[in-house]
Amino acid sequence: MASVKVAVRVRPFNQREINLGSSSIIDMHEETTVILNPKGDSRTGAKDFTFDHSYWSMDSSQMEKYASQQQVFKDLGLDVIKCAYEGYNACIFAYGQTGSGKTYTMMGRPGDSGLIPRICEELFSRMKDETMVYRTEVSYLEIYNEKVRDLVKISNSKESHGLRVREHPKEGPYVQDLSKHIVSNFDDISSLMEKGNANRTTASTNMNDTSSRSHAIFTLVFSQAKFSKNSPSETKSKIHLVDLAGSERADATGATGKRLKEGSSINKSLVTLSTVISTLADISEKAGSSRKAFIPYRDSTLTWLLKDSLGGNAKTIMIATLSPAGVNYSETLSTLRYANRAKSIVNKPTVNEDPNVKLIRELREEIQSLKSMLSVRVVYSSGNEVTPKVKEKLHESEARVKVLTEEWAERWGETASILQDQKDLALRKEGRGVVLDSELPHLIGIDDDLLSTGILLYHLKEGVTRIGTEDAVQPQDIELQGPEIIAEHCMIENEGTVVTLVPLQDALCMVNGYSVTDPLRLSQGAVIMLGKTNMFRFNHPSQAARLRKELAGVS
Ligand SMILES: Nc1ncnc2c1ncn2[C@@H]1O[C@H](COP(=O)(O)OP(=O)(O)OP(=O)(O)O)[C@@H](O)[C@H]1O
């Protein structure tokens, strides 16, 4: 059980508020936030709220009071990193009036990054255990007018503007056909983030020049696996980092037409969020009551997708952002009340251990206890008829552990070797297909065996790649079989931009249907036949990119 952690943060005055001559209505002392009613007197008009953190970020020149992006990250971001490495799901969501600093807190500005980039950077900098295999997958979506849109993989098809939310019986709600990207370093994440941010729906409103009109959910799925002392461990943590669209009043934003429609959709999600939060808070406050309350997760796309983060299997942090200005008193008070309510929500986070690994661990525990049971029986009651049954159970469990461990190791071995190549090779989901991106020149096997189902991709490393059979005296980098393949058949020399096929000892080599006996420079898309049955397509990604550019310049 873990209560939702709640923080509030007040930003500096913006130009509009300065022009209006606004005075500050927010004060903070340690964890307490005090809001003054600009119309009341100091005695009757002050209300105070206590949170896990109250961040005063109004004026960076007041160093001792000022809460920087780094401070917020240290308190909240590091919690998320801890969850990721322990295998818990985590969620941070920023809530607040439009223009109050949600995007600044979550994403930040160039040179002054917010929680999301800092969390991603720290996640990678902690991947130090060399015996561990790490896997990080990213997706980025927005919910705009209640529809889910992929922010990284934008296509013009109608479907990508309204992806379906579905629910997996074990893994919970997910977005069907959302693109997922395996990333191997912070730069990979950064470029996805930039792409997604540029695609996010923003607009200028009276309250904020670049107001986010959508709810944005940046999701990291972080897995770790290790095989040590003959036993596997594998955990998976899902982290949602959420920048909500602003809560707003139509009169304050001056919204009409399209902006008003956005406002009502944003509010539909926020109203449902509010109902979900208050129902969950009621449940926790009336713990022990036998009545089962209905929680309307499905009433909005946002709450449905965040179901696990609200009252479920996740450690959740809410950060409520505030304007300091008196003109925003009622909005700010309502944000504080909302945040105060969220403090009561109790989640039920558990470590997400791979089910097979869990089973292996439990069986090992059982084996241990069976063994100690046996040793006690041997000492005190040998001849007892229960012993054969215990022995049989022990053998069964040991055999089962062996099989499960082998299966797991094989599966992880494959994943690990793909991840090893990850710098050059990226597997991404696109629509219903999977796209394999590689930056290095490579050969793709074109198999004429109707029954073969795998895809063969051979990277052509810098220097020489030897191709032949396993019988060759010198070990070959690519071993082939089949008619007319000789022990040392050919070499492929990769000198960066130039890749050359070098046939050896009259070996049967054909390129684009022509027999080749002398070294030949390969060009993008060439079809290579080695022997009578081994056919490959040659891809040179950087050459292809250059050709694409040239073609675009021509048309
Ligand atoms: N703590 C802060 N320190 C300095 N500037 C801030 C801070 N918080 C917000 N700002 C600035 O205030 C402006 C509005 O902030 P931001 O866009 O983050 O608001 P928002 O809550 O995301 O708004 P919306 O809901 O309309 O998207 C931006 O120019 C941002 O840089």
Side-chain angles (χ1 to χ4, degrees), residues 7-20 22 24 26 28 33 53-63 65-77 92-118 142-144 151 196-218 241-250 252-255 259-260 262-267 269-270 273 302 318-325 327-328 331-332 334-336 338-339:
V8 297
R9 185 181 201 189
V10 63
R11 63 152 166 77
F13 284 114
N14 62 24
Q15 200 51 49
R16 181 173 165 271
E17 293 160 347
I18 294 170
N19 295 346
L20 286 170
S22 303
S24 169
I26 296 293
M28 290 174 168
T33 296
H53 300 277
S54 285
Y55 294 118
W56 191 88
S57 301
M58 270 188 70
D59 182 356
S60 57
S61 67
Q62 294 198 36
M63 298 278 281
K65 225 177 155 187
Y66 182 74
S68 63
Q69 298 279 58
Q70 175 62 12
Q71 182 63 49
V72 175
F73 168 71
K74 260 177 74 186
D75 294 337
L76 310 180
I92 302 189
F93 68 97
Y95 175 88
Q97 178 187 9
T98 180
S100 57
K102 298 178 295 293
T103 305
Y104 176 83
T105 296
M106 295 307 291
M107 224 16 116
R109 294 191 285 223
D112 189 18
S113 47
L115 279 168
I116 301 181
R118 282 171 197 263
E142 72 171 357
I143 304 169
Y144 177 66
L151 284 175
N197 290 342
N199 287 327
R200 197 171 167 201
T201 307
T202 58
S204 183
T205 65
N206 286 353
M207 306 289 287
N208 187 357
D209 283 343
T210 51
S211 175
S212 319
R213 310 306 297 157
S214 62
H215 307 292
I217 307 184
F218 185 90
L241 302 167
V242 188
D243 180 7
L244 296 176
S247 51
E248 57 193 348
R249 294 166 300 163
T253 54
R259 296 280 92 85
L260 186 62
E262 283 170 3
S264 59
S265 286
I266 289 168
N267 286 338
S269 270
L270 290 175
L273 180 65
L302 175 75
M318 171 185 189
I319 175 146
T321 52
L322 313 172
S323 148
V327 279
N328 293 320
E331 294 284 352
T332 305
S334 115
T335 301
L336 285 167
Y338 208 92

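Indexing begins at 1, ligand by ligand and atom by atom, following the structure's order.
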Exercise for the section: From the options S60, A216, G101, select the one whose nearest heavy atom is closest to atom 9 (C) of ligand 1. Expected result: G101
Handout entry: Numbered atoms and elements of ligand 1 in range of S57, under 4.0 angstrom, heavy atoms
Key = 1 (N)
Problem - A245 N/O under 3.5 Å from ligand 1 N/O - result: no
Practice task
Please confirm whether P12 comes within less than 3.5 Å of ligand 1 when only nitrogen or oxygen atoms on both sides are compared.
Solution key: no
Exercise for the section: Decide side-chain contact (heavy atoms from CB on, under 4.5 Å) for Y104 and D112; before the verdict, give the C-alpha distance in whole Å, the side-chain angles of both, and the deciding distance to 0.1 Å. Expected result: CA-CA 9 Å; Y104 176 83; D112 189 18; 2.7 Å; yes
Problem - K102 side chain vs Q97 backbone, donor-acceptor pair below 3.5 Å - result: yes
Problem - Identity of the nearest option to atom 6 (C) of ligand 1, non-hydrogen atoms only, from Y55, W56, Y104 - result: Y104
Problem - Polar atom proximity, Y66 to ligand 1 (N or O, under 3.5 Å) - result: no
Problem - L151 side, atom CG; Y144 side, atom OH - distance, nearest 0.5 Å - result: 12.5 Å
Handout entry: S100 near ligand 1 by a heavy-atom separation under 4.0 Å
Key = yes
Fill in the blank from the handout: ligand 1 atoms nearer than 4.0 angstrom to some heavy atom of T98 are 23 (O), 24 (P), 25 (O), 26 (O)
Problem - Under 4.0 Å to a heavy atom of G246 - the qualifying atoms of ligand 1, by number - result: 25 (O)
Handout entry: Any M106 side-chain heavy atom under 4.5 Å of I92 side chain
Key = yes
Practice task
Report the member of R109, R11, Q97 with the shortest heavy-atom distance to atom 30 (C) of ligand 1.
Solution key: R109
Exercise for the section: Determine whether V8 and S54 make a side-chain contact, defined as any pair of heavy atoms from C-beta on separated by less than 4.5 Å. Expected result: yes
Problem - Side-chain touch D243/I116, heavy atoms, less than 4.5 angstrom - result: no
Practice task
Decide yes or no for M318 and Y338: does some side-chain heavy atom of the first lie under 4.5 Å from some side-chain heavy atom of the second?
Solution key: yes
Practice task
Return a yes/no value for D243: is any of its N or O atoms, backbone included, closer than 3.5 angstrom to an N or O of ligand 1?
Solution key: no
Practice task
Ignoring angles and geometry beyond distance, decide whether T321 reaches within less than 3.5 Å of ligand 1 through its nitrogen or oxygen atoms.
Solution key: no
Practice task
Could you give me the CA-CA distance, side-chain angles and deciding distance for L244 and L273, then say whether side-chain contact (heavy atoms from CB on, under 4.5 Å) is met?
Solution key: CA-CA 11 Å; L244 296 176; L273 180 65; 3.7 Å; yes
